[in-house]
Amino acid sequence: MKKAILTGEHFFTGDVACAEGALAAGCRFFGGYPITPATEIAERMASRLPHVGGSYIQMEDEIAAIASVLGASWAGVKSMTATSGPGFSLMMENLGLGICTETPCVIVNVQRGGPSTGLPTQGAQGDMMQSRWGSHGDYEIIVLAPYSPQEIFYQTITAFNLSETYRIPVLIMTDEIVGHMSEKVIIPDSRKVKTISRTAPKGRKDRFRLFEPGPNGVAPMPAAGQGYNVHVTGLTHDEKGYPVMTVDTQVEMMDRLTGKIRNNLDDIIMTESYMMDDAEIVLVSYGVSARTCLAAVDQARKSGIKAGMFRLITVWPFPEEEIKKIAERVKGFITVEMNLGQIHREVQRCVGGKVPAVLVGHHGGTIIPPEDVLKKMKETF
Amino acid sequence: MPGLQEMAKKEGAFAGGHRMCAGCPVPIFTKMLTRVTDKYEIVAGNATGCLEVASSIFPYSAWKIPWIHTAFENAGASMSGVEAMYKSLKRQGKINKKLKFVAIGGDGGTYDIGLQSLSGAMERGHDLVYICYDNGAYMNTGVQRSSATPLGASTTTSPKGKKSSGRQGKRKDLTKIMVAHNIDYVAQASIHKPVDLSNKLKKAIELDGPAFINILCPCILGWKINPDMGVEAARVGVETGFWPLYEVENGEYNINYKPKYRPVTDWIFMQGRFRHLKSPENQPIVEEFQKEVDKNWEWLLKQ
């Protein structure tokens with residue numbers, strides 16, 4: 001347990017795999033606050049971080065937890081927190097602060113049934129639109145939705161890599177079922193774990209501009225205390241980081257914040273296709289509901305229906321172009337998710353009425369049975 | 001004030017059959033809420049926590065009084081709204097009932113996430129009693145440290161181990177913070193002294209204005225004690241001086257019980273969460289613990 005990367009085969013819950021992925025990615029700060037079903041991530045980090053030169057601190061609430069994560073990131077360390085619905089809601093203002101100040105960090109939401117206290121011990125996927133638009137103002141964000149403990153391990157590393165590359169908070173939207181299920185998790189040799197860290201600034205310290213974009217649209221990031229001028233504010237600011245409340249500066253800053261994501265979609269968007277080559281009916285899903293779809297596709301194929309699954313690994317930015325292309329060649333879409341139609345509406349928007357796009361949703365609390373998906377297939381197509 | 005036997009004849013605010021853990025002493029005070037006063041009916045607000053969860057498992061409720069489950073951080077604020085509107089309706093002659101309001105939270109929901117909402121409610125002067133049941137950690141989510149966790153206690157987020165001897169640093173003294181709000185009534189009570197506890201609840205409920213009571217409530221699972229030891233663990237907590245019983249009325253301190261000062265080791269070593277402190281290298285932590293308890297008593301005696 002002294003090593004950051006526990007190479008070998010393990011039997012881990014999704015929550016533990018998430019913590020191990022974070023440690024493998026180089027995360028050395030966790031600002032924690034207990035909440036079911038994400039507590040186990042904090043607990044794992046509390047016992048592991050002191051052994052690898054990191055720091056776990058438990059904060060007084062989720063507002064403080066995410067705020068401490070932003071602070072630790074400006075101290076130059078890869079940082080994260082984990083929560084669930086009610087805590088995620090409390091984090092929304094500081095999420096916006098992280099976006100505005102281009103602060104790399106990772107926030108995990110192990111989703112449970114809502115609204116409010118909802119179903120603390122039961123899974124749901126009802127925070128997907130909140131993950132896109134939960135903080136005020138207009139912005140772009142990166143959201144990943146892993147569907148197994150093994151994938152949580154890898155996607156947590158990816159989340160840190162994307163976060164460090166684009167200087168943006170990255171959200172991992174998993175759910176109680178994946179978070180609490182135990183499966184085999186293989187942790188590779190440490191040499192095979194690819195990690196990315198923020199670009200360090202070069203050149204004269206007195207000429208340094210904190211938000212001057214580099215070639216990929218992202219500015220190098222110093223840590224506070226290295227001698228560079230670090231002036232960080234949630235006010236609209238210019239490339240030096242100083243507040244300038246003019247329309248021109250707002251346009252320049254917003255274009256930078258959104259452009260670095262919109263201009264790098266190929267690097268950010270990850271999807272997976274299952275039996276899609278000749279598919280006529282496409283199941284669009286993510287997270288635990290994608291596991292339902294794997295079974296539904298197999299059962300459909302057995303009864304002669306040409307079904308396939310298009311799985312969103314990156315949910316935001318949404319793989320709009322991919323869905324549009326698929327819509328040209330298939331008979332219809334079924335979005336399968338444990339909410340009442342959040343990503344479904346996004347799929348409908350991209351399909352644009354070319355073919356039917358329907359929903360198999362669920363209010364939250366239990367996994368969607370594959371039979372419900374099959375029934376919908378037979379009813380609609 | 002009627003005796004305990006008389007009080008027990010009156011219907012309590014809290015029914016049997018609730019799902020608190022075996023041996024959990026928290027229901028001792030929840031039952032008292034209606035029994036301590038004949039003048040008023042009680043309306044309660046409950047922050048998220050083990051009492052909230054275990055008293056309201058679908059489709060049942062253990063509460064025999066109107067009861068509002070708020071979020072984790074806002075029992076004080078939600079009950080401020082209830083109380084303010086009650087007062088308004090009363091002024092307008094639209095309600096005639098004589099109601100009193102209590103907000104209840106555990107130490108996580110009171111010392112930490114709910115502190116702002118508690119502070120605001122007390123400062124604005126609502127006719128509200130805030131009751132904190134302090135079991136010294138986030139027990140509902142499985143024993144994570146809170147700012148009420150005592151020095152050296154092992155929790156899942158302050159685990160004992162090679163790099164750590166449990167919770168580091170001093171616990172927050174919330175009762176003193178509440179005294180600093182200059183409200184009419186602040187008290188520390190313990191679940192093992194029913195007469196003292198019910199006197200304090202009665203005073204707090206019947207006075208016109210904000211009041212705060214902090215009750216030591218051992219947690220069977222979190223303290224790692226046997227289910228029959230909940231009340232005893234509270235008693236020893238008080239007798240070792242870890243948890244002084246006192247009240248502050250309009251700024252005047254009154255110590256309700258002066259123990260014979262048993263050493264704190266009597267209290268900490270009856271609990272599994274401190275077991276690692278028995279090792280010689282952790283002796284300085286035990287000494288530090290004793291020193292803090294002594295210092296607090298000396299301070300208290302001077303007030």
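Sequence lines set the chain letters: A, B, ... in the order given, protein chains first and strands last, and positions in each chain run from 1. For clarity, every value in this text was computed on a predicted model and none was experimentally measured.
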Which region of A:I63, side chain (C-beta onward) or backbone (N, CA, C, O), has a non-hydrogen atom less than 4.5 Å from a non-hydrogen atom of chain B, or is it both or neither?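 Looking at A:I63, nothing touches chain B.
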Chain B contact via A:P86 - which portion, at a heavy-atom distance below 4.5 Å: neither
Across chain B and chain A, what donor-acceptor pairs are shorter than 3.5 angstrom?
residue: B:I113; atom: N; partner: A:E60; partner atom: O; Å: 3.1
residue: B:Y138; atom: OH; partner: A:Y33; partner atom: OH; Å: 2.8
residue: B:Q144; atom: NE2; partner: A:E43; partner atom: OE2; Å: 2.6
residue: B:R145; atom: O; partner: A:Q58; partner atom: NE2; Å: 2.3
residue: B:T156; atom: OG1; partner: A:E43; partner atom: OE2; Å: 2.6
residue: B:T157; atom: OG1; partner: A:Q58; partner atom: OE1; Å: 2.5

Inspect the surroundings of CZ in B:F269 and state if more than 12 heavy atoms from other residues, nucleotides or ligands are less than 6.0 Å away. yes
Taking atom CZ as the centre, does B:R124 end up with more than 12 heavy-atom neighbours from other residues, nucleotides or ligands that are less than 6.0 angstrom away?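 Above 12, so yes.
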